[in-house]
Asker: 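Structure provided below as structure tokens; questions to follow.
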There are 4 protein chains.
Amino acid sequence: MFIELDLQSETPIYAQLVDQIVEGIASGELKRGDPLPSVRRLAEELGINLHTVNKSYNLLKQEGFLQVHRKQGVIVHPDGMPGVTEAFEAKLQRQLRSLAAEAAVRGMTEEAFTEESRSVYRDTITNRGGG
Amino acid sequence: MFIELDLQSETPIYAQLVDQIVEGIASGELKRGDPLPSVRRLAEELGINLHTVNKSYNLLKQEGFLQVHRKQGVIVHPDGMPGVTEAFEAKLQRQLRSLAAEAAVRGMTEEAFTEESRSVYRDTITNRGGG
Amino acid sequence: MFIELDLQSETPIYAQLVDQIVEGIASGELKRGDPLPSVRRLAEELGINLHTVNKSYNLLKQEGFLQVHRKQGVIVHPDGMPGVTEAFEAKLQRQLRSLAAEAAVRGMTEEAFTEESRSVYRDTITNRGGG
Amino acid sequence: MFIELDLQSETPIYAQLVDQIVEGIASGELKRGDPLPSVRRLAEELGINLHTVNKSYNLLKQEGFLQVHRKQGVIVHPDGMPGVTEAFEAKLQRQLRSLAAEAAVRGMTEEAFTEESRSVYRDTITNRGGG
DNA sequence: GTGGTCTAGACCACG
DNA sequence: GTGGTCTAGACCACA
């Protein structure tokens, strides 16, 4: 697996795991219908608690990114991704507002902030070839 | 004060307060040297505990946004803001990466994401005072 | 634990605690990656409030001396210590200047002051564990 | 006067004032019997409260650095300075220990720390010609 | 009046 | 179990 966790981070492990899986889907490393490791295996691989993996998978299932089959286990949702919901739009704006405000106060221009966003978006989509 | 808190939010109150003050500085509503309410007054105004306000003020002081002036109380740092530190750059990229990945997965294009960032940045530095 | 607090001192308890932990690291009694007691346990051991311990731990975390490892609790930072920052250099000079001035006025020679510094430095890094 | 206060510092103003006067004596700028401004005048010059200056003067009088005459006002003690008391020795060691420990942890060698002390002592005694 | 410190007790998220 | 957050109420140093 391509997942790297930072156990010192203040970001909860389950949230890091969610992020990494979403990034895996964004980069194309994980495609529709692709299988994910079982809860037990992934927990063992990463050296973390079963409950933690379970929480991440459940969140991703609720959001519509993953599907849980009885026997096939966990797979990336085969029918496509959820789309831009109101909830996501709200979250996006809220977090961007916080970042933009601090960036502006620290002297980052609109152009610099915008280009940073663009650059990160591109990296996220493409920068996964090493895995 | 212009501060609005969501006491039900999962975002800690002190963090919301930090964000709102930074946004106040970004929008120009708070200028260099401007005084902020005392911890007690702001706490009373917002209906929260003074320690919560204190925590926010202290974080902003550490970051270099605020100064605690003996006698004058807490003021916006008069000598300019901290600038884009490595720590901020790292935080910015980390959070943008997470947002960009989810945006991409949900079908948001690079252009849409970039323009959203630009738009939010603009709103942040202008959309105050008119409300 | 090796920590001794003077609850009557005008030096805040949390600051004494910070000092003692740093001295513990300096003396080698605390090594990289070593675990520290939980805030609750240490607070109980020392007969102080857990928030006071928490404040000390947080300060040391910010400075880069400690790490909060998810699950392992608080540990001495395993990747080495922060190094001589500008902030520390400034603090060092400011405090030394004050001490040196009073020492000089009281008739302490440069040699005496310098040797006192050397002697204290040596004691600090060796005078533990044997006690 | 040669006194510069930092109203943003976490060091109390009265303590800064004490330090500066002691440094003035150490550097020779203030000699035995030299007059100091009246409480009222110095407070006005520095733009601080009467009580603050008073507190500083009283502390310096208690320590034996200053003398207060009925009519002549405040002067540097004409009969020489107090000498190295036990109390000062204790304070010196306590503060040096704290500084030395942090210096050691940050990788400063004994030689570097010792030379820093020597250098600061020298500056304190001589570096006052500009006033 | 201010901010700084300390205590006490509570709930929560995390793992 | 852990640390993180919040509340409540208290005392103190400072100016």
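Naming: A, B, ... by sequence-line order, numbering from 1 per chain.
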Asker: Can you tell me the distance, in whole Å, between the CD atom of B:Glu10 and the C1' atom of F:dG4?
Answerer: 14 Å
Asker: So which atom in C:Asp79 and which in C:His77 form the shortest heavy-atom distance, rounded to 0.1 Å?
Answerer: N-ND1, 3.1 Å
Asker: Has the side chain of C:Arg70 got a donor or acceptor that lies under 3.5 Å from a partner of the other kind on the base of F:dG3?
Answerer: no
Asker: Describe the nucleic acid contact of B:Ile13 in one word from base, sugar-phosphate, nothing, applying a heavy-atom distance below 4.0 Å.
Answerer: sugar-phosphate
Asker: If every non-hydrogen atom of D:Glu10 is compared with every non-hydrogen atom of B:Arg70, which pair is closest and at what distance?
Answerer: O-NH2, 2.6 Å
Asker: What's the CG-C1' distance between C:Leu46 and E:dC6, to the nearest Å?
Answerer: 14 Å
Asker: Does B:Lys55 make a side-chain N or O approach to OP1 or OP2 of F:dT5 shorter than 4.0 Å?
Answerer: yes
Asker: Rounding to a whole Å, what distance do you find between A:Gln16:CD and E:dC14:C1'?
Answerer: 12 Å
Asker: Under 4.0 Å between a Lys/Arg side-chain N and an Asp/Glu carboxylate O for C:Arg41 and C:Glu45?
Answerer: yes
Asker: Looking only at heavy atoms, what is the nearest atom pair of D:Leu66 and D:Val76, with distance?
Answerer: CD2-CA, 3.9 Å
Asker: Using whole Å, report how far CG of B:Leu50 lies from C1' of F:dG9.
Answerer: 10 Å
Asker: Looking at every heavy atom in both C:Ile21 and C:Ile3, which two are closest together, and how far apart are they?
Answerer: CG1-CD1, 4.2 Å
Asker: Nearest heavy atom decides the nucleotide; on that basis, is B:His51 or C:Lys61 closer to the 5' end of DNA chain F?
Answerer: C:Lys61
Asker: Restricting to non-hydrogen atoms, name the atom on B:Ser9 and the atom on B:Gln16 that form the minimum distance, rounded to 0.1 Å.
Answerer: CB-NE2, 3.5 Å
Asker: Quick one: B:Asn49 CG to E:dC11 C1', roughly how many Å, whole number?
Answerer: 15 Å
Asker: What does the 5'-to-3' dot-bracket notation of DNA chain F look like when only Watson-Crick and G-U wobble pairs under 3.5 Å count, and pairs to other strands show as |?
Answerer: ||||||||||||||.
Asker: Does D:Glu102 come within less than 4.0 Å of D:Arg106, counting only side-chain N to carboxylate O?
Answerer: yes
Asker: Check the distance between F:dT5's C1' and B:Asn58's CG and give it to me in whole angstrom.
Answerer: 15 Å
Asker: To the nearest angstrom, how far is C:Asn54 atom CG from E:dT5 atom P?
Answerer: 14 Å
Asker: Just the rounded figure in Å: distance from C1' of E:dT7 to CD of C:Glu44.
Answerer: 15 Å
Asker: At less than 4.0 Å, is any side-chain N or O atom of A:Thr52 found next to OP1 or OP2 of E:dC14? Yes or no.
Answerer: no
Asker: Return no unless some side-chain N or O of C:Tyr14 is found under 4.0 Å from OP1 or OP2 of E:dC6.
Answerer: no
